[in-house]
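Heads up: the structure comes next, in structure tokens.
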Amino acid sequence: MKIASWNVNSINARLPRILEWFDAATPDVCVLQEIKCLDEKFPVGAFEDRGYNCELHGQKTYNGVALLSKFPVEDVIRGLPGNDDDDQSRYIEAMVFPDDAEPVRVGGLYLPNGNPAPGPKYDYKLGWMAHLKARAEALLKTEEAFILTGDYNVIPQAEDVHNPAAWADDALFLPATRAAFREIENLGLTDALRHLYPYDVFYTFWDYQRGAWQKDHGIRIDHVMLSPQAADRLTSGGVDRTTRDPGFGSQEAKPSDHVPVWITLD
DNA sequence: ATGGTTGCCCCGCAA
């Protein structure tokens, strides 16, 4: 089964391009971030036509996440457990039941950006990461296969950014941010794409400004984190960077600043 | 050192 994540930066502004990618990549499960709309404004029909069950946790203007699955889903959770006073829609989770494999729990997340740091936005980011860590700890105790994937807004290492010095004071790359990410990883989760490509340089986001895409000045911030039981089943993965190219797919819409990441499990 | 882009939606904010 194929599981993907994509920060689309507005589902409605980019729908033609997004659908072309779904038709080409045919993920069984895909979590989306920054849909930037309320649930009732999400183009559910376009995805139901393609066989997806749509679970939404939308928000007007900002944030908003979705979990789309060709397989039945149960036990849908909207919002990070234990973070009940969070008014930003950044987390959705469900148990997925493939017809040809064991169930897997999928959490889709849009971790706060945190800039400017220091400040209240950065405090919110670190607090959110603490809640994510607690969720990972709780799920690990089940000893079940799960994945936590999405836009982490964390550059794990210097290898994951074209110019580390330029990002030294950014909330995505500060030592405290990377330490909080390591705390989660070191619970026993596998960074699937870094695991598959230990020595490669590859990015998932390029700023719209300063010709970042043309110069490949990117950062790796979209991650697929696997529980041990999910890591046992990992068979492949990748980054679909072609979707960032202006020449990809429909010219009716501009590309997102992020590209999809995906893995397959047996 | 500055400025450069995009989406939402009403104009500045978030990224």
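Numbered from 1 within each chain, the chains take letters A, B, ... in sequence-line order. Since this is a predicted model, take the numbers as computed values, not measurements.
Across dC8(B), dA15(B), dT6(B), the shortest atom-to-atom separation from the side chain of Arg14(A) is found for dT6(B). Relative to the side chain of Gln209(A), the nucleotides dG7(B), dA15(B), dG4(B) differ in distance, and dG4(B) lies closest. The side chain of Lys254(A) lies closest to dT6(B) when the candidates are dA15(B), dT6(B), dC13(B).
In this structure, Tyr152(A) is not a member of the same hydrophobic cluster as Ile221(A), with clusters built from ILVMFWY side-chain heavy atoms closer than 4.5 Å. Following chains of ILVMFWY side-chain contacts shorter than 4.5 Å, one can reach Ile3(A) starting from Phe71(A), so the two form part of one hydrophobic cluster.
Nearer to the 5' terminus of DNA chain B, by closest-nucleotide assignment, is the contact made by Arg210(A) (compared with the other of Asn113(A) and Arg210(A)). Judged by closest nucleotide on DNA chain B, Ala13(A) is the one of Asp151(A) and Ala13(A) placed further toward the 5' end.
At whole-Å resolution of the value, CG in Asp257(A) and P in dG4(B) are 18 Å apart. To the nearest angstrom, P of dA14(B) lies 17 Å from CG of Leu111(A).
Taking atom C1' in both dA15(B) and dG4(B), one finds a spacing of 14 Å when rounded to whole Å. Using P as the reference atom, dA14(B) and dC10(B) are 15 Å apart when rounded to the nearest Å.
Of the possible donor and acceptor atoms, none in the side chain of Asp240(A) sits under 3.5 Å from a partner among the backbone N and O of Thr242(A).
Taking the six-membered ring for Trp, Trp6(A) and Trp262(A) have ring centres at least 6.0 Å apart.
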